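Here is the structure we will look at, set down as structure tokens.
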Amino acid sequence: MNWLNRLFGTDAQTPQTTEHDLHRAAAALLLEVARTDGKVDAEESARLVEAVQSRWQLDPAEMNDILGELETRVDQATDLFEFTLPLREHWDPETRVALVEDMWAMAAADGHVDVHEEHLIRRVSDLLYVSHGDYIRAKMKAVKSEQ
């Protein structure tokens with residue numbers, strides 16, 4: 001849970017947020033997309049692990065360890081701001097757009113983008129200060145690659 005304390009500043013003296021902490025925050029957002037339509041199917045689970053492994057080098061064993069923490073934290077979060085603020089502060093625009101693309105790919109992994117998934121990705125995109133044009137391009141790229 002130390003990474004959560006670093007990321008969300010729950011300690012009185014918050015240490016520096018690491019890149020690894022940011023990757024976990026991004027994984028939490030991907031998990032939230034997978035959970036948004038009420039079920040996490042095999043394609044979405046595979047997409048989550050693939051995105052995390054290829055883009056951020058979190059291994060599957062570590063993912064299993066943090067999934068419980070992420071689910072608890074996402075359940076307790078009052079909004080997505082606490083996940084997106086550190087990413088917005090530390091990541092460049094291209095990296096934030098890549099995360100939005102991964103979110104779209106997660107939503108499309110089961111063959112159907114639910115309206116609630118689309119709404120969540122739009123909110124996260126706004127919180128990450130991703131332009132509407134980049135949001136649409138990320139959607140088109142991710143949805144096209146899933147077809």
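In this text, all values refer to a predicted model and were calculated from it rather than measured experimentally.
Every residue two or more places apart in sequence or in another chain that forms a side chain to side chain contact (heavy atoms under 4.5 Å, CB included) with Arg122 is listed here: Ser125, Asp126, His132, Tyr135. Scored by the salt bridge (Lys or Arg N to Asp or Glu O under 4.0 Å) test, Glu118 finds Lys139 as partners (sequence neighbours excluded). In this view, Arg123 satisfies the salt bridge (Lys or Arg N to Asp or Glu O under 4.0 Å) rule with no residue, not counting sequence neighbours. The salt bridge (Lys or Arg N to Asp or Glu O under 4.0 Å) check on Arg88 picks up nothing, with sequence neighbours excluded.
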message = Applying side chain to side chain contact (heavy atoms under 4.5 Å, CB included) to Trp104 and Val113, what does each step give before you reach the verdict?
response = CA-CA 8 Å; Trp104 276 115; Val113 176; 3.6 Å; yes
request  = I would like to know whether Thr95 and Leu87 meet side chain to side chain contact (heavy atoms under 4.5 Å, CB included); could you show each step before the answer?
outcome  = CA-CA 9 Å; Thr95 306; Leu87 298 174; over 6 Å; no
Residues Thr18, Leu22; criterion side chain to side chain contact (heavy atoms under 4.5 Å, CB included); working and verdict = CA-CA 7 Å; Thr18 67; Leu22 297 173; over 6 Å; no
request  = Please report the C-alpha distance between Leu99 and Val130 in whole Å, then the side-chain angles of each, then the deciding distance to 0.1 Å, and finally whether the side chain to side chain contact (heavy atoms under 4.5 Å, CB included) criterion is met.
outcome  = CA-CA 10 Å; Leu99 174 59; Val130 171; over 6 Å; no
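Distance CZ/Arg137 to CG/Asp134: 4.5 Å, rounded to 0.5 Å. Rounding to the nearest 0.5 Å gives a distance of 12.5 Å between CG of Leu80 and CG of Leu85.
Sequence neighbours left out, the pairs with a member in residues 92-102 that pass salt bridge (Lys or Arg N to Asp or Glu O under 4.0 Å) are Arg55-Asp102, Glu101-Lys141.
Taking 4.5 Å as the limit, every side-chain heavy atom of Val33 sits out of range of all side-chain heavy atoms of Leu30.
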